[in-house]
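A quick write-up on the structure given underneath.
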Amino acid sequence: MHLLVTGASGKLGSRVIKKLLDQPQQDALKITAVTFSRDLPFSDERMTVRRGNIADRPFVADIMQGVTHVLHMATCKEMPEIIMDVTVKGMFWLLEEFRAQQGQYFALVGGDAAIGHYFYPTSAPITESYPHKAAPGCYSLSKVLEEVMLAQAHIQYGIQGCCLRAPWLVADDDLRFAMSFSKQVFGSPRWHEYFDDSTAEKFTKNQNVPLALGAQGKPLQRSILAVDDLVNAIIKALNIQPAGCETFNIAMDKPFDYGVAAKYLNANFGLEAVDVQTEFHSVWLDNSKARQHLSWRPAFDTEALLEQAWAFDREGSERAEIVYPG
């Protein structure tokens, strides 16, 4: 297998590549790791790192030489000036070169932003047959377009592949910084924006945590996933290579529950929760199809994610402020 990996230097990409290279049955594996600007934290004689922009067709034609499999993860967030170049034009060139070279399997990492994240009410767990419903923002639209492009490439040209649709990914102590009223909050929502500055500063000083309430006033449930769980799902998909062009929800068995989180953090760390009324809706991303067809199951639930986040030792280093477009 000669695997092209886009988005290779990201939080997900570097972990996937490392695990693939560490598998004893992958001695013959060859990886072309594509990055835009950053290096990978490791090297291997079976891996070649290429820097460039996948919106550039000659670059894509060059890096696709000899490639049999693609794992496409490259994306960008709320950057209207470039997002269509990266996520639409870039994927189009990848699919075109893949088709021309008669590639064997094309795996896409999608996102739950394509089906609305937590912006729209749902009456049942969301399965893969749920229609596309982009959440607000150009990033969400791009995730819809990626999924549609792969599905249409299968219809038009018989390209074999799959979409692994995953929610917000967390690793290490990400979740600890997401459960904070500080302006250095990781991800979204940005809890301090629900209060005036002095109140938010008080909550930050007291190490309060948010107990998010959904639009109906009950503790919010949303999809969050440990990066390691998605890594394992990707490995499964690349090993099994399900026929056709299937989409799989890669999610926890139950969604992350802010009510459960508040109780856990109070019982284990004495942290007091503050109710935060939000406009969001509880959602449940059903992972039954992935469990059945990929023989995959998540290792993390709400409490395990919290345990990992609060146990992680950063060795005194400071986390840089992350501004997440909401």
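Looking only at distances, a side-chain donor or acceptor of D196 sits under 3.5 Å from a matching main-chain atom of T199. Listed for the D229 side chain is a donor-acceptor partner under 3.5 Å among the backbone atoms of F300. Side chain of Q221 to backbone of F256: no donor-acceptor contact under 3.5 angstrom is found. Distance alone, capped at 3.5 Å, is enough to place a donor-acceptor pair between the T204 side chain and the F181 backbone. T6 places no side-chain N or O within 3.5 Å of a backbone atom of V34 that could act as its donor or acceptor partner. The closest donor-acceptor contact from the side chain of Q101 to the backbone of F98 lies at 3.5 Å or more, if one exists at all. When atom types are taken as modelled, the side chain of D286 and the backbone of S288 share a donor-acceptor pair closer than 3.5 angstrom. Judged purely by atom type and a 3.5 angstrom limit, E128 uses its side chain to pair as donor or acceptor with the backbone of N249. Within the 3.5 Å criterion, the main-chain N or O of A171 finds a donor-acceptor partner in the side chain of D174. Judged purely by atom type and a 3.5 angstrom limit, R51 uses its side chain to pair as donor or acceptor with the backbone of S37.
Inspection of the H293 and E246 side chains reveals no N or O donor paired with an N or O acceptor under 3.5 Å.
For the side-chain contact (heavy atoms from CB on, under 4.5 Å) criterion with T247, the lone passing option out of C162, C163, S129 is C163. Screening Q65, M47, H2 for a side-chain contact (heavy atoms from CB on, under 4.5 Å) with T32, the sole residue that qualifies is H2.
Heavy atoms only, all atoms of each residue included: A309 and D173 are closest at O-CB, 3.4 Å. Taking each heavy atom of S142 and T87 in turn, the nearest pair found is CB-OG1, 3.1 Å. Nearest heavy-atom pair, A113 versus Y139, reported as atom, atom and distance to 0.1 Å: CB-CE2, 4.1 Å. Shortest non-hydrogen contact noted between T35 and L40 is CG2-CD1, 3.7 Å. Contact between R222 and S188 at its shortest, heavy atoms only, is NH1-O, 2.9 Å. The shortest heavy-atom contact between K77 and I83 is O-CD1, 3.2 Å.
The distance from the NZ atom of K143 to the CG atom of L141 is 11.5 Å, given to the nearest 0.5 Å. Atom CD1 of I82 and atom SG of C138 lie 9.5 Å apart (nearest 0.5 Å). A distance of 10.0 Å separates OG1 of T68 from CG of L4, quoted to the nearest 0.5 Å.
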Test side chain to side chain contact (heavy atoms under 4.5 Å, CB included) on V109 and I234 and set out the steps.
-> CA-CA 8 Å; V109 175; I234 291 171; 3.9 Å; yes
Would D228 and K19 count as a salt bridge (Lys or Arg N to Asp or Glu O under 4.0 Å) if you check the C-alpha gap in whole Å, the side-chain angles of each, and the deciding distance to 0.1 Å?
-> CA-CA 10 Å; D228 289 340; K19 186 155 188 176; over 6 Å; no
Verify side chain to side chain contact (heavy atoms under 4.5 Å, CB included) between E307 and Y264, making sure each step is shown before the conclusion.
-> CA-CA 9 Å; E307 181 181 359; Y264 176 89; 3.4 Å; yes
Given the rule in the salt bridge (Lys or Arg N to Asp or Glu O under 4.0 Å) test, do R165 and E147 qualify, once you have shown the distances and angles that lead to the verdict?
-> CA-CA 9 Å; R165 182 188 286 157; E147 291 193 11; 2.7 Å; yes
Test ring-ring contact (aromatic ring centres under 6.0 Å, His included) applied to Y258 and W191, step by step | CA-CA 13 Å; Y258 282 93; W191 305 109; 5.7 Å; yes
Could you walk me through whether W168 and Y118 pass ring-ring contact (aromatic ring centres under 6.0 Å, His included), step by step?
-> CA-CA 11 Å; W168 182 36; Y118 52 23; 9.2 Å; no
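In this structure, R99 satisfies the cation-pi test against Y157, with its NZ or CZ atom closer than 6.0 Å to the six-membered ring centre and inside 45 degrees of the ring normal.
No more than 12 heavy atoms of other residues, nucleotides or ligands lie within 6.0 Å of CE in M79, so this atom counts as exposed by the packing criterion. Applying the 6.0 Å contact sphere to NZ of K289 captures more than 12 heavy atoms from other residues, nucleotides or ligands. Other residues, nucleotides and ligands contribute at most 12 non-hydrogen atoms within 6.0 Å of the NZ atom of K218. For E279, the CD atom sits in a packed shell: over 12 heavy atoms of surrounding residues, nucleotides or ligands are nearer than 6.0 Å.
Considering only heavy atoms from C-beta on, N287 comes within 4.5 Å of D253 through its side chain. Within the 4.5 Å cutoff, the side chain of L71 has heavy atoms near those of the L3 side chain.
Using cut-offs of 30° and 60° for the angle between ring planes, the H117 and F119 rings count as tilted. Using the six-membered ring where Trp is involved, F195 and F203 have ring planes that are perpendicular, over 60° apart on the 30 and 60° scheme. Ring geometry, H69 versus Y105: the interplanar angle falls from 30° to 60°, so the pair is classed tilted.
Ion pairing of R50 with D62 is present here, as a side-chain N (NZ or NE/NH1/NH2) and a carboxylate O approach within less than 4.0 Å. Using a cutoff of 4.0 Å between basic side-chain nitrogens and carboxylate oxygens, D172 and R15 are scored as salt-bridged.
Note on I17: it clusters hydrophobically with V231, by side-chain heavy-atom contacts below 4.5 Å among ILVMFWY residues.
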